[in-house]
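Here's the structure we're looking at; comments come further down.
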Amino acid sequence: MKILVINCGSSSLKYQLIDMADESVIAKGLCERIGIEGSKLTHQPAGKDKVEIEKAMPNHQVAIEMVMEALQDPAHGVIASTDEISAIGHRVLHGGKVYSESIVVDEDVKRVIRECFDLGPLHNPANLMGIEACEAAMPGKPNVAVWDTGFGMAMPEKAYMYAIPHEYYEKYSIRRYGFHGTSHMFVSGEAIKFGGLDPENAKVIVCHLGNGASVSASIGGKCVDTSMGLTPLEGLIMGTRSGDIDPAVVQFICNKEGKDVNEVLNILNKKSGVLGMSGGVSSDFRDIEKAKADGNHLAEVALDAFIYRVAKYIGAYTAAMNGVDAIAFTAGVGENDKAGRKAICSYLGYLGVKIDDEANDVRGKAAVISAPDSKVKVMLIPTNEELAIARETKRLI
Ligand code: ADP
């Protein structure tokens, strides 16, 4: 069984064709600058050379048509016809209060995705376009929606309700949802398997540390808390996002700088985080580490604050679960930055966490990085959102 996984952004479309017999990637690729001048498809068939095709992609429908052509191309294609594709799995950002479980797309599902445009203004419209483009290109094939907010929907009310007047929850569904759900679901599940933990009761904290970053706490794979909120702005310090902040800061900047709320929110989303804290060095953690090594004080503070915030969330989530069996690091920083992992764990001596430097000298593959006598298992678990979406799609059809 072959499953096509589609992840649409507002001007991009990532895809992977996965053979579910052995979960291998048959081909993957990326359409960039959809709807913008200079659009390009990069197609990578497994074991063959990468192909770049520059052609106007005015919308996601044309992008999907180009992906279908690339997949069936006599030279760099990997399938003879779309008949070989059993189903399409879509990453959909926001299912609102309605959906937590992945679901086969029908008119009701599309209506909910549309009703959630306000909650995911950049992604939900693109996700819907991707689904409709697949319906047009491959009529009759099942499309499955896998919600990025799905994992967080298991949170109890005490974790997801904001302490604001209740009417806003009733009227506008304002609550904490959490994001990176597919990654947290996948990594917490893999951590339980890899660490040989009790699948029903294991208390796991997942640190998804990339450009966007979030922490989740789950018991037996069921989310009890996660750091992102109504939007991905809440929680950790990220590449360009501020994470947790006193909301009065927004009003203060508005008044002092003559900006409106939308402008300040844009600053908190795109110009803050380690980029903003470092005085504009970079949103990329490698650049921040290099600047710190070169003696840049602001970069050092940004990195220290990032690590400190992660450690505080781990402490909070350990309290939330009354214990923790395993901590798993994932995503760009979590999978590659051994110094960052060690620095975070240096705050966790009170939990009996002990990192084994030799075991921690690892990148991008599943590994236990704690010492044998560590009271909590610390792991590196590479995330694989596409595979998680493909598995969900297979399960549902
Ligand atoms: P996203 O998917 O949110 O864009 P990724 O999970 O791809 O992000 O992570 C990207 C981040 O990972 C970048 O900031 C990059 O600098 C960081 N990263 C990658 N390798 C390393 C490394 N060796 N040390 C520190 N940071 C790294």
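For ligands, and for the atoms within them, numbers begin at 1 and follow the listed sequence. These values consider heavy atoms only, across backbone and side chains, with no hydrogens, waters or symmetry-generated copies.
The protein heavy atom nearest to atom 16 (O) of ligand 1 is D284 OD1, 2.3 Å. Of the protein's heavy atoms, R286 CG, 3.7 Å lies nearest to atom 27 (C) of ligand 1. Looking only at protein heavy atoms, the nearest one to atom 14 (O) of ligand 1 is F285 N, 3.1 Å. Atom 4 (O) of ligand 1 has its closest protein heavy atom at N211 CB, 3.5 Å.
Using a 4.0 Å cutoff on heavy atoms, R363 counts as a contact of ligand 1.
Within ligand 1, counting atoms from 1 as listed, the ones closer than 4.0 Å to a heavy atom of N336 are 19 (C), 20 (N), 21 (C), 22 (C), 23 (N).
Looking at G212, S282, G332, it is G332 that brings a heavy atom closest to atom 5 (P) of ligand 1.
A salt bridge between E135 and K110 is present, with a side-chain N of the basic residue lying under 4.0 Å from a carboxylate O of the acidic one.
Counting only distance, with no hydrogens or angles, the side chain of D325 and the backbone of K203 share a donor-acceptor pair below 3.5 Å.
Residues F285 and F306 bring their aromatic ring centres within 6.0 Å.
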Would you mind writing out the side-chain donor-acceptor pairs for residues 218-226 within the sub-3.5 Å range, not counting sequence neighbours?
residue: D225; atom: OD1; partner: R176; partner atom: NH1; Å: 3.1
residue: T226; atom: OG1; partner: V215; partner atom: O; Å: 3.2

Side-chain atoms of residues 52-65: list all donor-acceptor pairs with protein atoms under 3.5 Å, sequence neighbours left out, distances to 0.1 Å.
residue: N59; atom: OD1; partner: Q61; partner atom: N; Å: 3.1
residue: N59; atom: OD1; partner: V62; partner atom: N; Å: 2.9
residue: H60; atom: NE2; partner: G9; partner atom: O; Å: 3.0

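Annotation: H208 places no N or O atom under 3.5 Å from an N or O atom of ligand 1; distance criterion only.
Within the 4.0 Å cut-off (strictly below), a protein heavy atom is located near atom 9 (O) of ligand 1.
Shown here for A27 and P45, the closest heavy-atom pair between the two residues is CB-CA, 4.0 Å.
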